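Structure first, then comments.
These numbers come from a predicted model, not from an experiment.
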Amino acid sequence: MLVKEILNTAHKPVFSFEFFPPKKDADWETLFETITALSPLNPSYVSVTYGAGGSTRTRTHDLVTRIQKETGLSVVSHLTCIASTSGETGEILENYQSHGINNVLALRGDKPAGTESIADAVKDFPHAIDLVRFIKNNHPDIGVGVAGFPEGHPETPNRLQEIEYLKAKVDAGADYIVTQLFFDNRDYFDFVDRCRLAGISVPIIPGIMPVTSTKGMTRMSELALGARIPAPLLKKVLDAENDAQVASIGIEWATNQVQELIDNQIRGIHFYTLNMATATLEIFQNLHS
């Protein structure tokens with residue numbers, strides 16, 4: 001089922017989970033234990049990430065097809081276009097469709113290791129919008145999501161221009177937007193309002209990732225450039241005696257975020273799981289109807 005159909009027909013917020021392909025073969029079964037543990041939460045779909053420059057291309061494909069086959073869940077495969085040719089991308093999309101995968105998240109992607117600049121890595125797709133156009137022109141029955149940045153894209157300081165770029169991706173055929181992680185819902189609600197003012201009407205799905213350790217918080221800040229850790233959350237984490245306390249703080253904070261989003265009748269919530277079930281399960285247990 002296409003994600004846009006799931007979002008447009010749901011009568012209450014839908015939930016989705018994100019996973020990444022393990023680097024070690026031994027971790028694959030551990031990941032499927034996580035997926036099994038999260039299955040009772042009835043996710044409407046799940047997504048699988050893609051390494052910089054397509055570095056996990058094969059593993060992403062293997063994970064996507066295995067999830068589709070073994071769980072019956074609708075799966076969204078991330079697809080980056082940096083360092084890719086149109087021929088390679090066409091083959092990937094055809095392969096996905098042959099396996100019943102009809103949803104992708106279209107991303108430019110990060111600079112591949114060993115490449116001096118993004119420009120040096122570009123082949124046929126300079127930007128994510130070029131990938132969206134390619135998909136819609138050549139595989140119009142594939143559902144396409146794109147990324148949004150509530151606190152601003154780190155490479156586009158001009159926030160008005162950033163929204164213009166996002167609208168261009170939607171106008172090119174994107175069905176929905178999923179956001180980068182954020183810790184203050186005011187940033188999300190403001191982002192949605194600015195998108196609506198610009199004429200963007202597709203669903204905008206908030207992305208949530210709880211802080212689970214001090215080291216993890218630092219890593220999140222490195223990976224999600226531009227993401228802001230609010231001072232109250234930062235103080236609690238810095239005052240914590242150990243990572244167990246940090247995890248409890250992060251889960252409580254994320255629970256409050258999710259509850260507020262649900263109370264505001266958003267269309268869906270996307271959880272960045274880091275291939276672990278505990279935090280997401282605890283958040284769901286803490287929610288009230």
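- In this structure, Thr49 and Pro21 have side chains that are in contact, with non-hydrogen atoms separated by less than 4.5 Å.
- For Arg186, the CZ atom counts as loosely surrounded, since its 6.0 Å shell holds 12 or fewer non-hydrogen atoms of other residues, nucleotides or ligands.
- In this structure, CD1 on Ile251 lies 9.5 Å from CD on Gln285, to the nearest 0.5 angstrom.
- Checked options Met209, Glu151, Met217, Gln257; the residue passing with Phe183 is Gln257 (criterion: side-chain contact (heavy atoms from CB on, under 4.5 Å)).
- Remark: the Ser213 side chain and the Asp243 side chain contain no N/O donor-acceptor pair separated by less than 3.5 Å.
- When side chains are defined from C-beta on, Thr218 does not count as touching Lys215, because their heavy atoms never get closer than 4.5 Å.
- Side chain to side chain, Glu162 and Asn158 fail the donor-acceptor criterion of an N or O pair below 3.5 Å.
- Within the 4.5 Å cutoff, the side chain of Leu166 has heavy atoms near those of the Phe191 side chain.
- The nearest pair of heavy atoms linking Thr179 to Tyr272 is O-OH, 2.6 Å.
- Ion pairing between a basic and an acidic side chain is recognised when a charged N comes within 4.0 Å of a carboxylate O; Arg194 and Asp190 show such pairing.
- Between Asp25 and Arg59 there is a salt bridge, since a side-chain N of the basic residue sits under 4.0 Å from a carboxylate O of the acidic one.
- Clustering ILVMFWY residues whenever any of their side-chain heavy atoms sit less than 4.5 angstrom apart, transitively, puts Leu181 in the very cluster that holds Val246.
- The environment of Arg219 atom CZ is sparse: at most 12 non-hydrogen atoms of other residues, nucleotides or ligands sit within 6.0 angstrom.
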Inset, instruction - Quick one: do Asn138 and Leu93 satisfy side chain to side chain contact (heavy atoms under 4.5 Å, CB included)? Show the steps, please. - result: CA-CA 9 Å; Asn138 296 278; Leu93 292 169; over 6 Å; no
Legend entry - Candidate pair Arg66 and Asp62, rule salt bridge (charged side-chain N to carboxylate O under 4.0 Å, His left out), full reasoning: CA-CA 6 Å; Arg66 182 176 172 185; Asp62 291 346; over 6 Å; no
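- A donor and an acceptor atom, one from each side chain of Asn286 and Glu252, are nowhere located under 3.5 Å apart.
- For the pair Arg108 and Phe125, the cation-pi criterion (under 6.0 Å, within 45° of the ring axis) is not fulfilled.
- The 12-atom threshold is not exceeded at NE2 of His127, counting heavy atoms of other residues, nucleotides or ligands nearer than 6.0 Å.
- Side chain to side chain, His78 and Glu18 meet the donor-acceptor criterion of an N or O pair below 3.5 Å.
- Side chains of Ser16 and His270: a donor on one and an acceptor on the other come within 3.5 Å.
- Using cut-offs of 30° and 60° for the angle between ring planes, the Phe284 and Phe17 rings count as perpendicular.
- With ring centers used as reference points, His61 lies under 6.0 Å from Tyr96.
- Counting all heavy atoms, side chain and backbone alike, Val132 lies closest to Val146 at CG2-CG1, 3.8 Å.
- With contacts defined as side-chain heavy-atom distances shorter than 4.5 Å, the pair Thr60/Ser77 qualifies.
- We find that Arg196 and Asp193 are not joined by a salt bridge, their nearest charged nitrogen and carboxylate oxygen being 4.0 Å or further apart.
- By the 4.5 Å heavy-atom criterion applied to side chains, Ile67 and Phe32 are counted as neighbours.
- By the 4.5 Å heavy-atom criterion applied to side chains, Pro43 and Leu73 are counted as neighbours.
- Closest approach of Thr212 to Ala279, counting heavy atoms only: CG2-CB, 4.3 Å.
- Taking 4.0 Å as the cut-off between side-chain N and carboxylate O, Asp171 and Lys167 count as a salt-bridged pair.
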